Amino acid sequence: MGQQKERHRILMVSDFFYPNFGGVENHIYYLSQCLLKLGHKVAVMTHAYGNRSGVRYMTGGLKVYYIPWTPFLMQNTLPTFYGTLPIIRTILIREKISLVHGHQAFSTLCHEALMHARTMGYKVVFTDHSLYGFSDVGSIHMNKVLQFTLADVTEAICVSHTSKENTVLRSGLPPEKVFVIPNAVDTAMFKPAVERPSHDEIVIVVISRLVYRKGADLLVEVIPEVCRLYPYVKICDKVRFIIGGDGPKRVRLEEMREKHSLQDRVEMLGAVPHAQVRSVLVSGHIFLNSSLTEAFCIAILEAASCGLLTVSTRVGGVPEVLPDDMVVLAEPDPSDMVRAIKKAISILPTIDPQVMHNRMKGLYDWHDVAKRTEIVYDRALKCTNQSLLGRFSRYLSCGAWAGKLFCLVMAIDFLLWCLLQIWQPAEHIEEVPDFTLSHDED
Amino acid sequence: MVDSDLDSDSCLGYNYLRDCKRSHDIHHILPPTSAFYTILLLCFSALLILATAFYLVFLMEETSVFIVLWSSLLLALLVKLLLRNTIISKESVVVMPAFGVQLETHYAGGKINRRFIPVDKILKPLLLECVTPVTCYWNLSLIVRGEPELTSVFKGLRPPATMLIPIWKALCAATDKVEEKSNITVEDGRYS
């Protein structure tokens with residue numbers, strides 16, 4: 001009889017979680033659900049969202065702690081360094097956590113949780129979901145913070161090989177400590193339309209936040225050119241655009257629509273709720289992604305799962321996402337993007353949405369992501385715990401001045417933890433029972 | 001003679017006493033008596049009195065010993081009154097199946113806060129996990145008809161779940177809100 005696999009008790013930490021919608025939020029949710037199905041205990045810790053505060057239970061018995069800390073900037077909690085130590089310690093003890101998994105380099109709650117968890121001797125895993133630059137002030141600051149957090153991280157995960165390269169360069173982490181586990185898509189939620197959209201007109205769908213990073217300025221130049229090239233073509237009468245999403249660049253797109261009199265050919269939907277994304281996607285033939293930087297791009301997966309041919313900029317981890325016959329790549333340049341759209345229109349008759357959907361089902365599966373993440377957890381838990389002085393040597397290597405500062409921060413954190421142990425001993429924190437949902441069989 | 005059943009339990013420093021009679025069921029929760037906190041309060045009070053005495057003697061000119069003594073005594077009395085009316089000595093839940101529930105908070109100074117909730121106004125007793133910016137704890141609350149917020153059974157104390165469960169069960173039985181057969185099972189036997 002085979003040896004029973006070790007059951008992990010994982011705490012997922014990030015500032016980004018439901019009811020907010022996005023790539024990180026989806027990743028945490030689906031990964032947690034699949035880990036629960038594998039028999040692990042999973043709890044999520046995030047900050048409060050409006051009235052959503054306290055403990056909530058989600059599908060499959062996923063327990064979520066909405067800590068009543070008010071976000072101060074871009075859904076991030078105020079960085080206090082030590083303010084979150086008591087609550088993190090309480091949750092780790094009461095949930096009998098064995099491993100802490102932090103998500104997203106931009107999340108302050110994630111950085112603080114990983115710092116406190118390491119102080120308390122817990123194994124930590126970090127997942128980076130984004131790409132960052134090296135030259136601007138914001139990136140330099142962010143990279144130093146990441147270097148501090150990852151100096152003592154047990155294992156790290158990236159969503160693409162490009163993302164891994166970026167993280168290794170930014171944090172100075174040994175490449176053998178960084179694993180590549182791509183995102184996945186819930187193909188059951190993104191099924192192609194029962195009836196294929198008519199080829200009388202080709203509909204190009206764009207769904208993204210209308211911001212600079214997502215290439216909204218590229219769209220302003222690409223759309224009029226495509227509309228000029230395709231007033232009438234052999235396989236269709238005209239090309240029409242559907243743009244879903246909102247953001248500061250929406251004004252520029254509306255100005256472009258007015259300037260070129262494209263009101264009948266460019267439909268602006270505004271913000272699209274996540275539940276309605278599929279219904280927008282299935283009304284089109286081609287999905288256009290114009291991002292200037294992207295670590296993975298889940299939107300491409302969702303579009304491909306709905307049977308749409310993708311035209312995308314060749315940036316970041318995008319070339320790794322789909323097979324060559326399912327995507328047409330272009331440089332982030334208007335003329336090259338127009339060329340890519342022309343190519344996509346020409347190969348469109350060969351595309352079968354249902355075949356594409358079935359291929360996506362096999363390529364991207366959250367259960368596979370969970371199994372691969374489980375291997376990382378197993379490796380992390382096998383790592384030996386270093387002494388405080390041993391950990392200090394890692395922080396000192398972060399820089400002449402920064403290293404000393406990081407050591408000071410960690411020393412204070414350790415002292416505060418010791419003080420908390422005297423003030424409220426671990427045995428005075430009540431452990432919570434494990435609830436398992438037993439599915440009644442008919 | 002009225003039947004009475006006394007039951008007691010201790011956990012995480014808290015003490016639980018149950019006085020079960022035919023007509024009513026009383027649940028008492030006594031807070032942990034920590035020597036550390038007592039010493040801390042005494043030190044704080046002593047420092048406050050000494051600081052006042054120092055101010056009157058050294059910083060104010062022409063102050064008689066009589067004024068210093070009276071001021072110190074008055075301050076000591078104020079500190080004692082303050083502590084006696086803020087420190088909770090006991091919290092009780094009196095469950096009267098036919099009538100309702102009485103929530104009592106006993107202070108060290110002898111002051112008692114009582115609140116009676118009629119049985120027909122109690123919609124459901126709930127056992128919840130509460131989260132504050134610094135800690136998590138179990139809380140026993142009541143959904144009361146006509147009130148926008150939950151009514152917490154224990155105002156100042158945070159007893160462990162092992163003590164709250166029998167009180168919750170008693171409240172469920174008294175208000176005829178016995179939980180429907182749930183498909184949630186508790187793996188840890190302590191809470192069954």
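Keep in mind the model is a prediction, meaning the values are calculated, not measured.
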Novice: How long is the straight-line distance from CZ of R94(A) back to OH of Y137(B), given to the nearest 0.5 Å?
Specialist: 11.0 Å
Novice: Quick one: what part of I88(A) sits under 4.5 Å from any heavy atom of chain B, side chain, backbone, both or neither?
Specialist: neither
Novice: Considering only distance and modelled atom types, tabulate donor-acceptor pairs under 3.5 Å from the side chains of residues 89-96 of chain B, sequence neighbours left out.
Specialist:
unit_1: S89(B); atom_1: OG; unit_2: H106(B); atom_2: O; d: 3.1
unit_1: E91(B); atom_1: OE1; unit_2: T105(B); atom_2: OG1; d: 3.1
unit_1: E91(B); atom_1: OE1; unit_2: K155(B); atom_2: N; d: 3.0
unit_1: E91(B); atom_1: OE2; unit_2: K155(B); atom_2: N; d: 3.4
unit_1: E91(B); atom_1: OE2; unit_2: G156(B); atom_2: N; d: 3.0
unit_1: E91(B); atom_1: OE2; unit_2: L157(B); atom_2: N; d: 2.9
unit_1: S92(B); atom_1: OG; unit_2: H28(B); atom_2: ND1; d: 2.7

Novice: To the nearest 0.5 Å, how far apart are CD in E129(B) and CD in E430(A)?
Specialist: 9.5 Å
Novice: For residues 80-87 of chain A, give me every residue with a non-hydrogen atom less than 4.5 Å from any non-hydrogen atom of chain B.
Specialist: P86(A), I87(A)
Novice: Decide if atom CG of D120(B) counts as having more than 12 heavy atoms of other residues, nucleotides or ligands within a radius under 6.0 Å.
Specialist: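 Yes.
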Novice: Out of the candidates I67(A), T90(A), I93(A), V432(A), only one should pair with C136(B) under the side chain to side chain contact (heavy atoms under 4.5 Å, CB included) rule; please name it.
Specialist: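 With C136(B) as partner, side chain to side chain contact (heavy atoms under 4.5 Å, CB included) holds for just one option, T90(A).
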Novice: Check V131(B) against Y66(A) and note the closest heavy-atom contact, atom names and distance.
Specialist: CG1-O, 4.4 Å
